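Working notes, structure below.
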Number of protein chains: 2
Amino acid sequence: MSAERWLTALQENGYRLTESRRAVVEIVAASARALTPLEVFDLARAAHPDLGLVTVYRTLEKLEEMHLIQRVHQPGGCQAFLTAGQGHQHLLLCQKCGRAVFFEGDDLQPLFDSIAEKTGYAIQEHWLQLFGLCRACQ
Amino acid sequence: MSAERWLTALQENGYRLTESRRAVVEIVAASARALTPLEVFDLARAAHPDLGLVTVYRTLEKLEEMHLIQRVHQPGGCQAFLTAGQGHQHLLLCQKCGRAVFFEGDDLQPLFDSIAEKTGYAIQEHWLQLFGLCRACQ
DNA sequence: CTCCTGATGAAAATTGTTTTCATTATAAAG
DNA sequence: CTTTATAATGAAAACAATTTTCATCAGGAG
Ligand SMILES: [Mn+2]
Ligand SMILES: [Mn+2]
Ligand SMILES: [Zn+2]
Ligand SMILES: [Zn+2]
């Protein structure tokens with residue numbers, strides 16, 4: 001469970017440890033799929049009914065700045081957040097339930113070299129994301 | 001110039017050919033980079049000052065349905081549209097000026113097989129997008 | 001325990017997009 | 001070249017998502 005680690009990280013960065021932050025962090029850290037601010041709000045209010053949606057936005061913003069979570073782009077929207085991957089990893093998402101896993105080991109360098117030569121672009125970054133059905137949803 | 005082709009396609013799908021649509025189509029078809037609805041609006045008003053932003057949204061929606069344009073996801077936002085690629089192609093975007101080119105010929109099947117085996121997911125789709133600097137911006 | 005200040009949530013403001021609706025303009029029919 | 005039916009338009013209103021403002025509260029240093 002990364003919730004405690006995130007809360008510690010928040011404190012180490014000079015932020016106070018509040019009930020609201022704890023409620024948000026526990027929901028996001030425990031989720032296997034990307035959640036929108038509104039989903040986080042609804043889920044986190046079970047533990048902390050006074051929580052305001054504004055605080056969800058503010059907490060997600062901080063967690064993203066600290067690279068503990070990352071934004072996930074999907075066909076249905078690009079405002080959902082997920083526990084961040086480590087190092088050079090890419091996402092694989094279930095199209096039915098949303099369950100996300102990271103993978104690594106893609107070797108695209110030969111492709112990049114070929115594209116760079118054909119187009120004249122100096123390639124700097126890449127986005128790769130896979131979609132499919134997780135074992136439970138097949 | 002694909003503008004005339006798009007206008008013909010609109011007519012063939014039973015839509016009327018209007019000055020507003022023409023203004024929108026000419027801007028989007030001529031652009032080498034993805035444009036937001038507001039950018040299209042501002043640019044297209046030079047040719048058709050009466051144009052309304054609503055009509056830009058409605059026209060972009062139709063062009064997207066007809067697969068003549070496609071939405072482009074970028075770090076700065078996911079609401080920009082670009083002339084669609086043909087067949088199996090992916091985008092390469094200039095991080096400085098936005099100039100977009102499509103490429104093809106990526107062979108990711110071995111990677112997908114390996115990921116499928118490791119994760120148990122049945123892989124169905126993939127997003128691949130490259131970022132770099134075009135020749136003029138290097 | 002006290003105090004300072006960062007954090008909070010309600011409400012307002014802002015931004016981006018969609019809906020509504022009276023009017024206009026396209027294109028088919030005569 | 002009219003006439004006519006109706007799709008399309010743009011202004012304004014409605015709506016949704018996000019951000020800002022601000023009075024109040026609570027974390028944690030001392
Ligand atoms: Mn990679
Ligand atoms: Mn591909
Ligand atoms: Zn699933
Ligand atoms: Zn460039």
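Small disclaimer: the values here were computed from a predicted structure and weren't measured. A, B, ... follow the sequence lines: proteins, then strands. Residue 1 opens every chain.
Atom CD of E39(A) and atom P of dA16(D) are 17 Å apart (whole Å). Following rounding to the nearest Å, R21(A) (CZ) and dT8(C) (C1') show an atom-to-atom distance of 9 Å. The distance from atom CG of L63(A) to atom P of dA7(C) is 13 Å, rounded to the nearest whole Å. For the pair R22(B) CZ and dT26(C) C1', the interatomic distance rounds to 13 Å; values are reported in whole Å.
Nucleotides of DNA chain C nearest to P37(B) and G14(A) differ in position, and the one nearer the 5' end is that of G14(A).
Taking the ring pair (Phe, Tyr, Trp, His ring centres under 6.0 Å) definition, one finds that F131(A) meets it with W127(B), sequence neighbours left out. Residues that satisfy the ring pair (Phe, Tyr, Trp, His ring centres under 6.0 Å) test with F81(A), not counting sequence neighbours, are absent from this structure. With sequence neighbours excluded, the residues forming a side-chain contact (heavy atoms from CB on, under 4.5 Å) with Q70(B) are A84(B), L91(B), F102(B), listed by chain and number. Contacts of S114(B) classified as side-chain contact (heavy atoms from CB on, under 4.5 Å), with partners at least two apart in sequence or in another chain: K118(B).
At the phosphate of dG16(C), neither OP1 nor OP2 sits under 4.0 Å from any side-chain N or O atom of Q79(B).
Residue pairs meeting the side chain to side chain donor-acceptor pair (under 3.5 Å) criterion with at least one member in residues 71-82 of chain A, sequence neighbours excluded: R71(A)-Q79(A).
Note: L93(B) CG to Q124(A) CD = 13.0 Å, rounded to the nearest 0.5 Å. A distance of 12.0 Å separates CZ in R33(B) from SG in C134(B), rounded to the nearest 0.5 Å. To the nearest 0.5 Å, atom CG of residue L111(B) and atom CG of residue L108(A) are 7.0 Å apart.
By the neighbour-count criterion of 12 heavy atoms within 6.0 Å, atom CD of Q109(B) is densely surrounded, having more than that number from other residues, nucleotides or ligands. Annotation for E117(A): atom CD does not count as buried by contact number, only 12 or fewer foreign heavy atoms lying within 6.0 Å.
Annotation: the terminal axes of the helix from dC1(C)-dG30(D) to dG30(C)-dC1(D) meet at 30°, where each axis is the rotation carrying the C1' atoms of four end pairs onto the next four (5 pairs per end, rounded to 10°).
DNA chain D is contacted by H48(B), D50(B), L51(B), G52(B), V54(B), T55(B), R58(B) of residues 40-62 of chain B, taking any non-hydrogen atom closer than 4.0 Å. For residues 64-71 of chain A, proximity to DNA chain D is found at no residue, defined as any non-hydrogen atom under 4.0 angstrom from a strand atom.
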Protein heavy-atom contacts under 4.0 Å, written 5' to 3' over nucleotides 25-30 of chain D as B (base), S (sugar-phosphate only) or - (none), form the string -BBS--
Side-chain donor-acceptor distances from residues 10-19 of chain B under 3.5 Å, at least two apart:
unit_1 : atom_1 : unit_2 : atom_2 : d
T18(B) : OG1    : R21(B) : N      : 3.1

Below 3.5 Å, can you tabulate the donor-acceptor pairs from side chains in residues 41-64 of chain A to any protein atom, sequence neighbours excluded?
unit_1 : atom_1 : unit_2 : atom_2 : d
D42(A) : OD1    : R45(A) : NH2    : 3.4
H48(A) : NE2    : S20(A) : OG     : 3.2
T59(A) : OG1    : T55(A) : O      : 2.8

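Here L133(B) sits alone; no ILVMFWY side chain lies under 4.5 Å from its own, so it joins no hydrophobic cluster.
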